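Basis for what follows: all heavy atoms, side chains included, without hydrogens, waters or symmetry-related copies. Please read these numbers as outputs of a predicted model, since none were measured by experiment. Below, read A as the first sequence line, B as the second, and so on, with proteins coming before strands; counting in each chain starts at 1.
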2 protein chains.
Amino acid sequence: MKWQQRKSWETRRKLLNAALICLERDGFHSFRLDRVAGEAGVSKGALTHHFANKDDLLVHAIEKVLDEFVEALACGADEFHDGHLTLDGFLDLVWHYMSGQLYMVTLEIALKARHEPDFKNLLTPQVRRFHSRIDDIWERLFPHLPPERSRHLMNLSMNLLRGMGTQSVFREDSQYFNELLNSWKAILRQEVAS
Amino acid sequence: MKWQQRKSWETRRKLLNAALICLERDGFHSFRLDRVAGEAGVSKGALTHHFANKDDLLVHAIEKVLDEFVEALACGADEFHDGHLTLDGFLDLVWHYMSGQLYMVTLEIALKARHEPDFKNLLTPQVRRFHSRIDDIWERLFPHLPPERSRHLMNLSMNLLRGMGTQSVFREDSQYFNELLNSWKAILRQEVAS
DNA sequence: ATAATAAAACCGACTTGACGGTTTGTTTTT
DNA sequence: AAAAACAAACCGTCAAGTCGGTTTTATTAT
């Protein structure tokens, strides 16, 4: 009960990784189980052995990606408190994730969830957990501000970056996004100070 | 050459409307031509008569929805200049559209375009036209500001609303979004004044 | 220790249903 | 009569899920 378990865990991990790669590359509409298996270097049978169906695979994949994101943000917040990271740097960190694989994957999944109530129900626990953890991180970021104001500034920031991430589908212009991010940094600094 | 043309034009319009309804309700992944035909109250044969294929239908549908949006925004800008609409009211107008059918449809289409270069090429002329028209509208909104600053504030606003629109997939809480919008209105007022 | 047995991991062919596009037929207008 | 507008049956493709089989690892009995 050791070699087997490790091997199993390993292929599971490979499958989840492959699923994320496929989801980001092909989009949910063209997300094919055999391609995931191929990308992971295992057979389709192995996939069905580890995950009951497509939705099951997707739910676990999104769980993984959200966890990694929260983890990275928590680290960033810690560095911020230790003085190793500025507020600007923290925003850069968030933008790094929102402009990469993470956001595109969550976007694909969100649209799927929007049209499939069952899938949405499968996902909402994860999403709630995610949001509350993010809330905590940002609240710790500005302990001198009233919690409500802290939440507002966070939600404004996150939604702005969300929107920028969405726009990046059609506009690939890092110069433009940097300018935009800088504008917001300036505003945020001012708001935090006052 | 009259009755026929009018009838043709009418079913075309019905098909485009139906396509938008289906796209918003079912999402692109579950967007089915026969459902569009059913929603429009015509046969599938009629659909193929008017549109070469799925992509063709989608391109024309998105063209329609973008035009309507720009039209509404232009009207809002006019009212703003006539003093019949405040800046807050203008933002409300934009949010009205970004939280409704328009944004979800463009989101579905954007994700499709992201993974299908041919489709993206079909669309980019429309998107460019759209962006430049929006640019103009916002620049006229703040003629006393330098154009670059005007553009920045516009892009911040639009991206914030975009992000909020995206979040509304999982969080249906108009109270929350109103608060967020109000926060931004306050910030924007301040930025425009300075 | 080793053979027998169980159990898990994995493979890949097949079924089944769905949908986009085609094609053929019918009605209506010019 | 000719062409346009529409209707509806049809077909080929494609992928998700199923399932019987195979290999590898763990457990148990002798």
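Ring geometry for A/Trp95 against A/Phe177 counts as tilted: the plane angle lies between 30° and 60°, on a 0 to 90° scale. Under the 30°/60° scheme for interplanar angles, the aromatic rings of B/His29 and A/His29 are found to stand perpendicular. Ring pair B/Phe142/B/Phe80 is perpendicular by interplanar angle, where above 60° counts as perpendicular and below 30° as parallel.
Residue B/Lys54 has its side chain nearest to C/dG21 when only C/dG21, C/dG12, D/dC6 are considered. Here the nucleotide nearest the side chain of B/Thr48, chosen from C/dG21, D/dG17, C/dT22, is C/dT22.
If you measure from atom NZ of A/Lys7 to atom P of D/dT25, you get 7 Å, rounded to the nearest angstrom. Put simply, CG on B/Leu57 is 15 Å from C1' on C/dC19, counting in whole angstrom units. Atom CG in A/Leu15 sits about 11 Å away from atom C1' in C/dC10, given to the nearest Å. In this structure, A/Arg35 places its CZ atom 7 Å from P of D/dA15, rounding to the nearest Å. The nearest whole Å value for the distance from the CZ atom in B/Arg6 to the C1' atom in C/dT30 is 17 Å. The interatomic distance linking B/Asp26 (CG) with C/dC19 (P) rounds to 10 Å, in whole Å. Rounded to an integer number of Å, the gap from A/Phe31 CZ to D/dA16 P is 9 Å. Distance, B/Glu116 CD to C/dG20 P: 13 Å, rounded to whole Å.
As judged by a 4.0 angstrom heavy-atom cut-off over every strand, B/Lys44 is placed among the base-contacting residues. Across all strands shown, B/Thr11 has heavy atoms under 4.0 Å from sugar-phosphate atoms exclusively, and none from any base. A/Phe51 comes within 4.0 angstrom of nothing in the nucleic acid, heavy atoms only.
Between A/Arg32 and D/dC14 there is no side-chain N or O to OP1 or OP2 distance below 4.0 Å. Residue A/Ser43 has no polar side-chain atom (N or O) positioned under 4.0 Å from OP1 or OP2 of C/dC10. Between D/dC6 and B/His49, no contact under 4.0 Å exists linking OP1 or OP2 to a side-chain N or O. OP1 or OP2 of C/dC10 sits under 4.0 Å from a side-chain N or O of A/His50. The phosphate of C/dA9 has OP1 or OP2 within less than 4.0 Å of a side-chain N or O from A/Ser8.
Judged by the 6.0 Å and 45° rule, A/Arg171 forms a cation-pi pair with A/Tyr176.
With salt bridges taken as basic N to acidic carboxylate O contacts below 4.0 Å, none links A/Asp26 and B/Arg114.
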